[in-house]
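Here, residue 1 is the first one in the sequence, and each next residue gets the next number. Excluded from the calculations below are hydrogen atoms, water molecules and symmetry mates; all remaining heavy atoms, backbone and side chain alike, are included. Note that ligands are numbered from 1 as they come in the structure, with each ligand's atoms numbered from 1 the same way.
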Amino acid sequence: MLNVPKAQFIYLQRPDNGEWLTIGRYQVGSAVGTGSFRYTHNYVHADLPWVIDPVNLPFLTEDDQSAPRYSGLHDVLRDACPDAWGQTLLQREHSLPEGTHQARYLILASNADRWGALAVGTKPTPSIAQTSYPRLQQLPLVARELAALSEQRPALSLGLRRQLIRAAAIGGARPKATLRDDEGQYWLVKPRISSDITDIPALEHFAQQWGAASGLHFASTLLHTIKEGHSAVSVLRYDRVGERRLMCVSTASLLQTEYPDNLGQTDLWSYPRLADALRIIGAPEEDRRELFGRMVFNAICGNDDDHVRNHAIVYKHEQRRWRLTPAFDVVPNPVETPRKLTLQLSNGRFDISRSAVLADADRFGFSSSEEAANYLDMLMVQVTNGFDQVAHWLEHDGQQMLRTRMTQNVALLAAISKHDI
Ligand SMILES: Nc1ncnc2c1ncn2[C@@H]1O[C@H](COP(=O)(O)OP(=O)(O)OP(=O)(O)O)[C@@H](O)[C@H]1O
Ligand SMILES: [Mg+2]
């Protein structure tokens with residue numbers, strides 16, 4: 001019924017030497033909505049330190065571990081599947097019905113461009129398809145082909161279209177592709193689409209530059225103007241170092257919740273919970289402060305698309321630990337100034353206010369509320385100064401709109417409310 005082969009082998013590119021290893025097996029269960037994973041005997045006995053998900057599959061055991069979410073697919077394997085964009089392409093390509101099991105997308109998506117360092121196959125020994133990536137210089141062609149694909153128009157270049165469909169394993173809702181630059185770095189390219197009411201790539205580039213100018217750790221971006229009114233943003237991939245793939249886990253997985261939310265569990269979506277998870281998995285304190293900074297930045301710029309697949313961790317072999325990835329997909333709401341974020345700023349509170357930002361400050365590693373308040377005040381100065389450095393990336397109206405929003409939100413975050421007394 002599911003049309004999913006019984007057992008799938010899970011491969012990992014070793015963080016130390018880049019060799020591919022078979023580390024586990026995933027099996028769809030015979031009861032509907034169940035599935036199990038086990039690390040392989042050889043991997044468990046190889047005396048290697050890496051687990052693929054430090055929260056949900058943290059023990060190197062040969063026991064079957066069942067999947068509590070995603071109708072029986074383990075969180076980290078769901079992370080290696082496409083989201084809305086890639087799933088749409090696979091649905092068209094393979095005539096899949098609505099409601100197709102996630103495990104089917106896991107298998108149908110090509111290993112060539114999966115997020116992170118996992119791959120999937122039916123053979124006990126790793127076999128990872130190689131693909132050639134379009135070059136960054138080909139970006140205008142890629143953007144046109146992505147537009148044609150998303151509007152269901154015929155291919156402009158059949159070869160490029162095949163390449164783009166093959167590489168549609170990465171997540172997110174917008175059309176996107178991975179391109180390679182002359183130095184061998186990989187960039188995620190997201191062009192403007194016809195339904196965008198404003199120049200979203202410019203807004204994303206601006207916000208990423210603004211975050212960096214505010215002293216936060218944001219992924220590098222480039223803005224490309226293709227022709228009048230057509231633009232694309234490219235974001236440096238943090239899960240690639242040249243050809244080497246780095247293990248990643250989404251914060252949906254860290255928070256043990258589904259995205260999209262099919263379970264009505266947004267009460268689990270929370271920055272302080274995420275900070276707790278970072279502490280528990282051994283990320284350094286600076287990552288919790290950085291997360292606090294991103295929460296404040298999202299509040300100030302009005303990015304209320306800060307959902308649980310828009311934050312992630314990456315395994316850094318040289319440090320032997322998981323780290324928060326650089327910030328990505330930070331886009332101020334182009335339509336209205338949000339009053340709330342998607343993740344709670346403190347327990348039970350989604351509202352953008354000073355008291356909500358500071359209520360759980362200890363969970364982000366601050367030793368006192370005074371220390372957190374001082375950090376918040378310092379950050380607001382940096383974000384305000386950062387704006388002027390990068391405002392030129394926006395047209396006049398966009399600048400005005402966001403400057404006004406920033407001023408209002410900084411006033412909100414500086415205000416002492418009755419909660420603070
Ligand atoms: N710089 C990056 N390096 C590696 N992976 C990335 C990077 N940026 C995004 N990703 C991965 O790709 C996915 C989709 O990217 P992104 O969130 O930018 O796309 P989107 O289509 O705008 O998303 P959304 O559905 O949230 O609007 C992310 O959830 C993340 O897993
Ligand atoms: Mg996203």
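Here D83 does not reach the Mg ion (ligand 2): none of its N/O/S atoms is less than 2.8 Å from the metal.
From the protein, the heavy atom lying nearest to atom 15 (O) of ligand 1 is K176 CE, 3.8 Å. The nearest heavy-atom contact from the protein to atom 26 (O) of ligand 1 is H307 NE2, 2.8 Å. Given atom 3 (N) of ligand 1, the protein heavy atom at minimum distance is Y238 N, 2.9 Å. Looking only at protein heavy atoms, the nearest one to atom 23 (O) of ligand 1 is D329 OD2, 3.1 Å.
In summary, the atoms of ligand 1 found under 4.0 Å from a heavy atom of I170, numbered by their order in the structure, are 12 (O). Of all atoms in ligand 1, numbered sequentially from 1 with element shown, those under 4.0 Å from a heavy atom of D305 are 26 (O), 27 (O). Taking a cut-off of under 4.0 Å to the non-hydrogen atoms of L236, the atoms of ligand 1 that pass are 1 (N), 2 (C), 3 (N).
With 3.5 Å as the limit, one finds a donor-acceptor pair spanning the side chains of T178 and R237.
Under the 4.0 angstrom criterion for non-hydrogen atoms, K190 is in contact with ligand 1.
Considering both main-chain and side-chain atoms, A173 comes within under 3.5 Å of ligand 1 through a nitrogen or oxygen pair. Checking only distances, F328 never comes within under 3.5 Å of ligand 1, N or O to N or O. Taking any N or O of N310, backbone or side chain, at least one lies under 3.5 Å from an N or O belonging to ligand 1.
Of the possible donor and acceptor atoms, none in the side chain of S346 sits under 3.5 Å from a partner among the backbone N and O of R349.
Looking only at its N/O/S atoms, D329 has OD2 as the one nearest to the Mg ion (ligand 2).
Among F328, Y271, W269, the single residue meeting the ring pair (Phe, Tyr, Trp, His ring centres under 6.0 Å) criterion with H311 is Y271.
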